[in-house]
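Structure first, commentary second.
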Amino acid sequence: QVQLVESGGGLVQAGGSLRLSCTASGRAFTNYAMGWFRQAPGKDREFVAALSRRGGNTDYADFVKGRFTISENKANNTVYLQLDSLKAEETAVYYCAASRLYYPNMRYYRNMRYYNDWGQGTQVTVSS
């Protein structure tokens, strides 16, 4: 079991930036990949970004288009999501997730079913 705690959400104007953090505790060393998802009001949860802890490979949703960056600090078991050039329609709860399944093809981590543990989410509100 891995516990995930997100932080860093808040209110920002359109075009602004935020840096989300996700700190893992428990059996964090068994995680092969970490991902970020988001869920806007009335919409399904969707993939944002993923990072392989085995080789450092990353993958992003098409809508990111170079605006977001996922990274990690292995020393403190923390994964980050840097959000730049935010848009009002990106207001959502952002969730961190951990996967104990290894897939060489990063695209598997776009699917929520391949994650074992989830954080409680952090609210990001982008004002227009």
Side-chain angles (χ1 to χ4, degrees):
Q1 188 78 22
V2 175
Q3 292 78 45
L4 303 173
V5 179
E6 301 100 331
S7 61
L11 174 64
V12 64
Q13 288 188 331
S17 298
L18 283 174
R19 188 194 196 199
L20 308 183
S21 299
C22 172
T23 301
S25 60
R27 297 178 62 87
F29 61 88
T30 62
N31 294 331
Y32 286 111
M34 300 293 293
W36 285 95
F37 290 76
R38 69 185 185 185
Q39 188 166 17
K43 295 188 177 181
D44 294 333
R45 193 171 299 187
E46 64 177 350
F47 169 75
V48 177
L51 177 144
S52 168
R53 304 190 72 241
R54 204 166 183 181
N57 294 333
T58 59
D59 185 36
Y60 296 93
D62 293 342
F63 61 76
V64 170
K65 295 182 180 179
R67 299 180 297 120
F68 300 172
T69 304
I70 187 171
S71 61
E72 71 167 336
N73 182 330
K74 289 186 177 179
N76 59 17
N77 286 322
T78 299
V79 175
Y80 305 96
L81 185 66
Q82 177 69 38
L83 307 171
D84 295 320
S85 302
L86 282 162
K87 305 174 183 178
E89 57 265 35
E90 295 183 306
T91 292
V93 178
Y94 284 70
Y95 296 91
C96 170
S99 175
R100 293 193 289 277
L101 303 173
Y102 172 67
Y103 296 101
N105 187 338
M106 288 295 297
R107 294 187 72 89
Y108 278 95
Y109 295 117
R110 295 188 173 201
N111 194 318
M112 291 189 296
R113 72 174 67 178
Y114 297 123
Y115 290 87
N116 305 97
D117 301 289
W118 292 81
Q120 82 289 349
T122 185
Q123 176 71 46
V124 172
T125 302
V126 185
S127 63
S128 58

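Values in this document were obtained by computation on a predicted structure and should not be read as measured data.
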Once rounded to the nearest 0.5 Å, what's the spacing between atom [atom1] of [X] and atom [atom2] of [Y]?
| X | Y | atom1 | atom2 | value |
| --- | --- | --- | --- | --- |
| Leu4 | Ser25 | CG | OG | 7.5 Å |
| Gln123 | Leu11 | CD | CG | 9.5 Å |
| Asn77 | Met34 | CG | CE | 8.5 Å |
| Arg19 | Asp84 | CZ | CG | 11.0 Å |
| Gln82 | Ser71 | CD | OG | 8.0 Å |
| Lys65 | Ser85 | NZ | OG | 12.5 Å |

Establish, yes or no, whether the cationic atom of [X] lies under 6.0 Å from the six-membered ring centre of [Y] and within 45° of the ring axis.
| X | Y | answer |
| --- | --- | --- |
| Arg45 | Tyr95 | yes |
| Arg100 | Tyr32 | no |
| Arg38 | Phe63 | yes |

Candidate pair Ile70 and Tyr60, rule side-chain contact (heavy atoms from CB on, under 4.5 Å), full reasoning: CA-CA 9 Å; Ile70 187 171; Tyr60 296 93; 3.4 Å; yes
Restricting to non-hydrogen atoms, name the atom on [X] and the atom on [Y] that form the minimum distance, rounded to 0.1 Å.
| X | Y | result |
| --- | --- | --- |
| Tyr94 | Val48 | CE2-CG2, 4.4 Å |
| Leu81 | Ala49 | CD1-CB, 4.1 Å |
| Ala14 | Ser128 | CB-CA, 4.3 Å |
| Leu86 | Val126 | CB-CG2, 3.9 Å |

I'd like to know whether the aromatic ring centres of Phe47 and Trp36 sit less than 6.0 Å apart in this structure.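 No, the ring of Phe47 stays outside the 6.0 Å limit from the ring of Trp36, centre to centre.
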Answer with yes or no whether the hydrophobic clustering places Val124 together with Tyr80; edges join I, L, V, M, F, W, Y residues whose side-chain heavy atoms lie under 4.5 Å apart.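 Result: no, two separate clusters.
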For the pair [X] (side chain) and [Y] (backbone), establish whether a donor and an acceptor sit closer than 3.5 Å, ignoring hydrogens and angles.
| X | Y | result |
| --- | --- | --- |
| Lys43 | Ala92 | no |
| Thr122 | Gly9 | yes |
| Tyr115 | Leu101 | no |
| Glu6 | Gln120 | yes |
| Arg67 | Val64 | yes |

Check step by step if side chain to side chain donor-acceptor pair (under 3.5 Å) holds for Thr23 and Thr78. CA-CA 4 Å; Thr23 301; Thr78 299; 3.1 Å; yes
Checking side chain to side chain contact (heavy atoms under 4.5 Å, CB included) against Ser99, which of Asn116, Asn111, Asn31, Val2 comes through?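 With Ser99 as partner, side chain to side chain contact (heavy atoms under 4.5 Å, CB included) holds for just one option, Asn116.
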Is any NZ, NE, NH1 or NH2 atom of the basic residue among Asp59 and Arg110 found under 4.0 Å from an Asp or Glu carboxylate oxygen of the other?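 Yes.
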Under 6.0 Å from the CG atom of Asp44, do we count more than 12 heavy atoms belonging to anything else shown?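 Incorrect, the count does not exceed 12.
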Hey, what's the ring geometry for Tyr108 with Tyr114, parallel, tilted or perpendicular (30° and 60° as the breaks)?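 Tyr108 vs Tyr114 ring planes: perpendicular.
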In the structure I gave you, are the side-chain heavy atoms of Leu83 and Leu20 within less than 4.5 Å of one another anywhere?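 They are in side-chain contact.
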Tyr109 and Tyr103: CA distance, side-chain angles, deciding distance, side-chain contact (heavy atoms from CB on, under 4.5 Å) verdict: CA-CA 8 Å; Tyr109 295 117; Tyr103 296 101; 3.9 Å; yes
